[in-house]
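Here the structure is laid out as C-alpha cells; the discussion comes afterwards.
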Amino acid sequence: MMKNCCLIVFIFCTIDVSNGGILSGICLASNGTCGKKGVPCNETFGSEWTYNGKCCNGKPCCKLLKAPCVPETCPKGFVLLANQTNSADCYFYSRRSTELWEKAKLICASTPGAYLWRPNTIQEANDVRDQIFRTRVVWTGANDRDKDGNYIFDIENSPFSKTSVPFGSGLFRNEAELVYVDIQYDYNFATWLWKNQNYNYRNSYLCEYQRRVCP
C-alpha cells in the first residue's frame, strides 16, 4: 500500500522598514539591502556594493563593502601630497637608502596597511615626482615573482601588463630573472619609464598608505 506525502516548504521573510523592501533573515542579519530583481548590486547602488545572497521575491541581497576606517593622519614618516585631488594617500620615500625589492617590500609592510607604490595615474605620479622625489628611480609593487610571465601589483594582485603600461613607456627585457618593476621619469623625453630588474638590483623605494577618512 503506497502512501502519498506532501512536502510543504515555508519561506519566512522579514520586513525591512529602513529601505521599504522585503529581506530574507540572512540578508537582514548581514546588514544587507534588497536590490532590484535581475540587476547586479553594483549597478543599483554603486561599485562598492556586492551580491550577498537572495532576498525574497527573487531580488538580490546587496551589501556595501568598505575598506576599514583608518585615522585621517598619516603613519609616522609618511606625507600627504599638497594637492590631494590626484591622490589622498600617504607616501614614504627612502631618500638615500636603496634596497632589494624583497627588502623594500618588507620595510613598507612593517607599517600596517602600507605597500610598495602603485602609480595609478600620470597625474598622481607627476605630483609624487615633484613633491617627494625628483630624479631617482624607485621600486613599484609590480612584479612577476612566480616567473609565469604575468606581472601583477603586490598586495591587491591586480594585473600589470608590460605590453600596455598605464602611462609612459615600458622597457622590458625577456630574461627569466627580471621580475621586479621600477619606474623613473626621463626628463630628456618628458616621459615615465617602467623597467624590469633582477633579484639583486637595488633601488630607492616608495611606500604608499591608502587613507580612508573616518566619518
### side-chain hydrogen bond (donor to acceptor under 3.5 Å, both in side chains) assessment of Arg136 paired with Thr98
CA-CA 10 Å; Arg136 299 293 295 273; Thr98 60; 5.7 Å; no
Output, in order, the C-alpha distance, side-chain angles, deciding distance and verdict of side-chain contact (heavy atoms from CB on, under 4.5 Å) for Trp101 and Asn143.
CA-CA 9 Å; Trp101 189 93; Asn143 69 90; 3.7 Å; yes
- When you look at Tyr199 and Tyr201, which way does the ring pair (Phe, Tyr, Trp, His ring centres under 6.0 Å) test go after all the steps? CA-CA 6 Å; Tyr199 68 94; Tyr201 195 85; over 10 Å; no
For this session: Walk me through it: do Gln197 and Asp182 pass the test side-chain hydrogen bond (donor to acceptor under 3.5 Å, both in side chains)?
Result: CA-CA 7 Å; Gln197 307 288 359; Asp182 63 28; 3.1 Å; yes
message: Is there a side-chain contact (heavy atoms from CB on, under 4.5 Å) between Ile152 and Phe160? Walk through the geometry before answering.
response: CA-CA 5 Å; Ile152 60 172; Phe160 170 85; 5.8 Å; no
ask   = Cys41 and Cys62: disulfide bond (SG atoms under 2.5 Å apart), yes or no, with the steps?
value = CA-CA 6 Å; Cys41 294; Cys62 302; 2.1 Å; yes
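No side-chain heavy atom of Tyr180 sits under 4.5 Å from any side-chain heavy atom of Thr140. Residues Tyr51 and Cys61 are not in side-chain contact: their nearest non-hydrogen atoms beyond the backbone lie 4.5 Å or more apart. In this structure, the side chains of Pro75 and Cys90 come closer than 4.5 Å at one or more pairs of heavy atoms. The shortest distance between side-chain heavy atoms of Tyr185 and Leu193 does not fall below 4.5 Å. Within the 4.5 Å cutoff, side-chain heavy atoms of Glu124 are placed close to those of Thr121. Taking 4.5 Å as the limit, every side-chain heavy atom of Lys195 sits out of range of all side-chain heavy atoms of Arg173. When side chains are defined from C-beta on, Phe45 counts as touching Thr33, because their heavy atoms get closer than 4.5 Å. Contact of the Ile122 side chain with the Asn126 side chain is registered, since non-hydrogen atoms from C-beta on lie closer than 4.5 Å.
A donor-acceptor contact under 3.5 angstrom links the side chains of Arg211 and Gln84, judged on distance only.
The CG atom of Asn157 lies 12.0 Å from the CG atom of Asn150; values are rounded to the nearest 0.5 Å. In this structure, the separation between OG on Ser87 and CD on Glu208 is 5.5 Å, given to the nearest 0.5 Å.
In this structure, Asn52 contributes its side chain and Thr50 its backbone to no donor-acceptor pair below 3.5 Å. A distance-only check finds a donor-acceptor pair linking the side chain of Ser110 to the backbone of Ile107 [under 3.5 Å]. With hydrogens and angles ignored, the 3.5 Å screen pairs a side-chain donor or acceptor of Asp144 with a backbone N or O of Gly149. With hydrogens and angles ignored, the 3.5 Å screen pairs a side-chain donor or acceptor of Asp186 with a backbone N or O of Asn188. At least one donor-acceptor pair under 3.5 Å links the side chain of Asn198 to the backbone N or O of Asn200. Trp117 contributes no side-chain N or O that, together with a main-chain N or O of Val138, makes up a donor-acceptor pair within less than 3.5 Å.
Between Glu99 and Arg202 a salt bridge is recorded (basic side-chain N to carboxylate O distance below 4.0 Å). Contact check on Lys105 versus Asp154 returns a salt bridge, with a Lys/Arg side-chain nitrogen under 4.0 Å from an Asp/Glu carboxylate oxygen. Under the 4.0 Å criterion applied to side-chain N and carboxylate O atoms, Glu43 and Lys36 are not assigned as salt-bridge partners.
In the hydrophobic clustering of ILVMFWY residues, with side-chain heavy atoms under 4.5 Å counting as a link, Leu81 and Ile183 come out together. Note on Tyr187 and Leu171: separate hydrophobic clusters, where clusters join Ile, Leu, Val, Met, Phe, Trp and Tyr whose side-chain heavy atoms are under 4.5 Å apart, directly or indirectly. Both Val79 and Leu206 sit in one connected hydrophobic cluster of ILVMFWY residues. Membership requires side-chain heavy atoms under 4.5 Å apart, directly or through other members.
The one candidate from Trp139, Phe78, Tyr115 that meets the side chain to side chain contact (heavy atoms under 4.5 Å, CB included) condition with Cys207 is Phe78.
The minimum heavy-atom distance linking Cys55 with Cys27 is given by the pair SG-SG, 3.9 Å. Contact between Lys37 and Gly58 at its shortest, heavy atoms only, is CG-O, 3.6 Å. Contact detail for Lys162 and Tyr151: the closest heavy-atom pair is CD-CE1, 3.8 Å.
Note on ring orientation: taking the six-membered ring where Trp is involved, the planes of Phe153 and Trp194 are perpendicular (angle over 60°, cut-offs 30° and 60°).
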